[in-house]
Amino acid sequence: MAELQDKIFAFCEAAKGKKKLKEKDILIGVSAELSLEKDDVKKALREMINVGRLMYSYGGGASSVEIPSEEYLREKGMIP
Amino acid sequence: MKKYDTPLIDELEKGPWPSFVTEMKKAGKNNEMANDAVGHLEKCYQTKVGYWKHGGIVGVLGYGGGVIGRYSELGDEFPGVAHCHTVRINQTSGFFYTSSALREICDIWDKYGSGLTNMHGSTGDLVLLGTKTDALETIFAEYSSRGWDLGSSGSALRTPNCCVGPGRCEWTNYDTLDLNYALTQEFQDEIHRPMFSYKFKIKMSGCACDCVASIARADMSIIGTWKGHIEINQDEVKNYAKNGMDIKAEIVDMCPTQCISYEGEEFKINNAECSRCMHCITRMTKALKPAGERGATICIGSKAPIVVGSLLSWVIVPFIKVEPPYTELKDLIRKIWEWWDDNAKPRERIGEVIEMKGMRSFLEGIGQSPIPQQIKEPRKDPFMFYTEDDMAAFKAKEAEEKKTGKYKF
């Protein structure tokens with residue numbers, strides 16, 4: 001699971017500043033890259049969002065998945 | 001607390017109607033945020049500029065919806081509304097609350113927010129207007145500890161919404177309250193974790209009166225209907241006529257399918273032509289009532305104009321039984337999402353994708369058979385489904401008929 005989560009994180013990092021990733025983009029991209037079931041990627045992604053490693057953002061009525069900023073993590077009490 | 005001079009928005013307090021400005025001022029007497037919101041609004045009116053930034057990274061940990069970030073460009077001038085986020089709370093089915101539940105919601109909101117609410121937003125949720133980023137987790141913790149949950153926003157299944165249904169209405173054809181609750185529970189992930197291309201709304205009306213306007217405002221409208229005839233009490237029809245109702249003008253002439261006749265003696269309905277619009281039933285409540293099997297019609301695709309123009313929902317399933325555990329309906333919803341997910345570009349609602357790809361492709365995708373009730377307009381959309389197998393069978397039959405001399409062009 002940890003390895004998969006690292007891959008998902010790397011996938012999001014590569015898109016940072018270039019493309020707003022929807023959850024579907026991550027499921028398709030990572031499952032194709034690692035030849036995994038989308039459901040497995042979904043479970044891993046869900047865990048990452050639950051602990052604040054990734055987060056949802058919102059703009060123009062549509063949502064995307066992003067790597068949280070330090071400010072956000074501080075706000076949520078996840079880093080000092 | 002700073003007192004703002006508000007000549008422009010004061011105009012909105014004039015006249016016999018309730019005024020949101022009056023309510024904001026009332027809230028502003030005890031709340032800095034509401035007070036600054038009043039000053040901010042006046043400034044917007046003076047300069048004709050909105051000053052609001054919408055969206056961004058703001059929310060509750062683990063949730064992708066339910067909080068809509070709003071920031072003002074005038075944070076220095078109006079510090080109370082520098083952050084003014086909206087919090088959506090999942091409403092109860094049919095909007096039934098006890099007064100103590102409402103008091104609980106408002107007490108928490110007074111503690112952490114502006115005290116201003118929108119009961120209810122057009123999406124259905126209970127909308128709390130104006131709080132700061134650092135209060136969000138506390139607000140969520142307080143509400144959830146008392147059994148409330150956040151509603152939805154963004155590219156998610158928006159909080160399902162329904163009419164009062166059997167709670168107060170004799171016309172409902174299925175239990176809208178129970179279905180609304182069941183779908184809300186079933187699709188918690190889709191509500192709280194935005195996974196779609198754009199928003200998806202489900203609204204449930206118990207009959208064609210459509211009190212939640214699902215036909216115009218929901219991607220999926222579940223509208224109650226019945227399969228049988230309309231029962232007529234001829235004595236009550238006569239009473240309506242005796243009491244001054246012009247039955248020809250008010251009922252017969254207004255029937256959209258012209259299936260009613262009344263010549264002063266007997267009130268007749270050609271049920272085969274009736275479209276179950278509810279007009280006659282709602283006007284002559286004592287004389288007419290639906291009979292027979294109850295269920296719902298499922299329509300798809302309505303929306304307000306954003307990417308393309310506004311759309312009304314389109315019938316895809318003319319009649320479906322709506323009974324717990326609603327397995328057939330839940331499966332259909334999942335198939336619809338799957339097709340939409342495979343075909344939509346970002347920010348495309350399902351109605352728009354159907355417009356572009358065609359109803360034929362959609363019906364094939366969700367495994368529904370084409371039927372006459374799906375035709376939107378006469379002489380349009382015949383949904384001819386000729387597969388390669390159909391063509392091969394047709395050609396084989398034609399060749400056979402030619403061989404036996406039965407072939408007619």
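Being a predicted model, the structure only gives us computed values, none of them experimental. In what follows, chains are A, B, ... by sequence order, proteins preceding strands, each numbered from 1.
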Participant: Which bit of Asp134(B) comes within less than 4.5 Å of chain A, counting heavy atoms only: side chain, backbone, both or neither?
Facilitator: neither
Participant: After noting the C-alpha distance and the side-chain angles of Met195(B) and Leu27(A), does the key distance pass the side chain to side chain contact (heavy atoms under 4.5 Å, CB included) rule?
Facilitator: CA-CA 10 Å; Met195(B) 56 182 69; Leu27(A) 300 187; over 6 Å; no
Participant: Taking all non-hydrogen atoms of both residues, which atom of Leu61(B) and which atom of Ile49(A) are closest, and how far apart?
Facilitator: CD1-O, 4.3 Å
Participant: Are His54(B) and Tyr58(A) packed together at the side-chain level, in the sense that at least one heavy-atom pair is separated by less than 4.5 angstrom?
Facilitator: yes
Participant: Could you measure the distance from the CZ atom of Arg193(B) to the CG atom of Asn50(A)? Nearest 0.5 Å is fine.
Facilitator: 4.5 Å
Participant: Hey, is NZ on Lys345(B) packed in by over 12 heavy atoms from elsewhere, all under 6.0 Å?
Facilitator: no
Participant: Is Glu66(A) close to chain B through its backbone or its side chain, or both, or neither, when contacts mean heavy atoms under 4.5 Å?
Facilitator: side chain
Participant: Can you give me the closest heavy-atom contact between Gly154(B) and Ser63(A), atom names plus distance?
Facilitator: CA-OG, 3.3 Å
Participant: Applying a heavy-atom distance below 4.5 Å, give me the residues of residues 63-91 of chain B that approach chain A, sorted by number.
Facilitator: Tyr63(B), Gly64(B), Ile68(B)
Participant: So for Lys20(A), is it side chain, backbone, both, or neither that comes closer than 4.5 Å to the heavy atoms of chain B?
Facilitator: neither
Participant: Starting at NZ of Lys42(A), measure out to CG of Asp189(B) and round the result to the nearest 0.5 Å.
Facilitator: 6.0 Å
Participant: With a 4.5 Å cut-off on side-chain heavy atoms, are Lys22(A) and Pro346(B) touching?
Facilitator: yes
Participant: Mind ranking Pro194(B), Ser197(B), Ser153(B) by heavy-atom pairs under 4.5 Å with chain A and telling me who comes out on top?
Facilitator: Pro194(B)
